[in-house]
Amino acid sequence: MKLEDLRKIREKVQKEIELREGKARVKIVVGMGTSGIAAGAREVLKTFLDEIEKRNLKDVIVTQTGEKGFASKEPIVVIEEEGKPNIVYGNVTPDIARRIVVEHIVNGNPVSDYVIEVGGK
């Protein structure tokens, strides 16, 4: 492995850490409990990370949590925005994750077809 390869790996990891831990206006929390992972939460998490990076959204972070108590609605995603009630989405797929980024995160309009709770934690 060359020095340039190591630099690229370091830059990629630093970007991922910023997306997961930085200070942000919007926090995307993906339920990564056993039922969430079985339902595809890893792909959903990866899709959010890819979309946030692709759109260069600096004020959005993506993080994960355990079971959210809605096993039949997994994967579960919670959008936390400053000054607004939390929005909980259920049955999120990678395609729905892309819609959430465009319609909710970028344009401020929650994707009502997949909202299962408003105001929950």
Side-chain angles (χ1 to χ4, degrees):
M1 187 173 286
K2 297 178 183 175
L3 184 58
E4 185 61 30
D5 295 334
L6 292 172
R7 283 190 183 124
K8 287 179 182 175
I9 291 170
R10 184 179 73 187
E11 289 173 6
K12 182 180 179 202
V13 170
Q14 285 175 332
K15 283 182 181 178
E16 288 178 5
I17 289 171
E18 286 176 16
L19 287 174
R20 290 177 183 241
E21 297 177 359
K23 182 160 178 64
R25 169 186 63 87
V26 178
K27 183 176 177 182
I28 300 170
V29 182
V30 180
M32 296 288 285
T34 305
S35 59
I37 291 171
R42 282 191 176 129
E43 279 302 309
V44 169
L45 179 72
K46 183 179 179 313
T47 300
F48 276 116
L49 291 170
D50 291 345
E51 288 296 312
I52 301 303
E53 183 177 350
K54 185 172 81 178
R55 295 171 186 283
N56 199 27
L57 300 173
K58 299 288 186 194
D59 57 351
V60 178
I61 62 170
V62 180
T63 188
Q64 63 189 51
T65 187
E67 295 288 336
K68 298 297 290 180
F70 299 109
S72 65
K73 299 289 186 183
E74 296 283 357
I76 300 291
V77 174
V78 180
I79 306 297
E80 300 176 10
E81 290 182 86
E82 291 178 2
K84 296 182 179 179
N86 292 347
I87 304 288
V88 181
Y89 289 101
N91 299 317
V92 178
T93 64
D95 287 339
I96 296 168
R98 285 185 202 90
R99 278 188 64 191
I100 291 170
V101 170
V102 172
E103 295 178 29
H104 187 155
I105 307 302
V106 174
N107 294 321
N109 301 314
V111 183
S112 59
D113 295 346
Y114 303 100
V115 172
I116 59 173
E117 185 176 307
V118 176
K121 287 281 179 182

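No experiment lies behind these values; they were computed from the predicted model shown.
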Shortest non-hydrogen separation from [X] to [Y] and the atoms involved:
| X | Y | value |
| --- | --- | --- |
| Thr93 | Val44 | C-CG2, 3.9 Å |
| Ala41 | Met32 | CB-SD, 3.5 Å |
| Ser35 | Glu74 | OG-CG, 3.5 Å |

Euclidean distance, [Y] [atom2] relative to [X] [atom1], rounded to 0.5 Å:
| X | Y | atom1 | atom2 | result |
| --- | --- | --- | --- | --- |
| Ile100 | Asn109 | CD1 | CG | 13.0 Å |
| Glu81 | Asn86 | CD | CG | 9.0 Å |
| Ile105 | Ile28 | CD1 | CD1 | 4.5 Å |

Quick one, [X] and [Y] - any side-chain contact, counting heavy atoms below 4.5 Å?
| X | Y | answer |
| --- | --- | --- |
| Leu57 | Val101 | yes |
| Pro75 | Asn91 | no |
| Ile76 | Ile116 | yes |
| Val102 | Asn107 | yes |
| Phe48 | Val60 | no |
| Arg99 | Asp113 | yes |

Side chain to side chain donor-acceptor pair (under 3.5 Å) against [X], all qualifying residues, sequence neighbours excluded:
| X | result |
| --- | --- |
| Asp95 | Arg98 |
| Asn56 | Lys58 |
| Thr47 | none |
| Lys54 | Glu51 |

Query - Pairs meeting criterion ring pair (Phe, Tyr, Trp, His ring centres under 6.0 Å) with involvement of residues 52-99, two or more places apart - result: Tyr89-His104
Query - Verdict with supporting geometry, Lys84 and Ile79, side-chain contact (heavy atoms from CB on, under 4.5 Å) - result: CA-CA 10 Å; Lys84 296 182 179 179; Ile79 306 297; over 6 Å; no
Query - Hydrophobic cluster identity match, Ile9 and Leu3, side-chain contacts under 4.5 Å - result: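 No, it is not one cluster - the side chains of Ile9 and Leu3 are not joined through contacts under 4.5 Å.
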**Report entry** N-O pairing of Glu4 and Arg7 below 4.0 Å
**Finding:**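 Yes, charged N to carboxylate O under 4.0 Å.
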Query raised in the report: What pairs with Lys46 under side chain to side chain contact (heavy atoms under 4.5 Å, CB included), at least two apart in sequence or on another chain?
Result: Glu43, Asp50
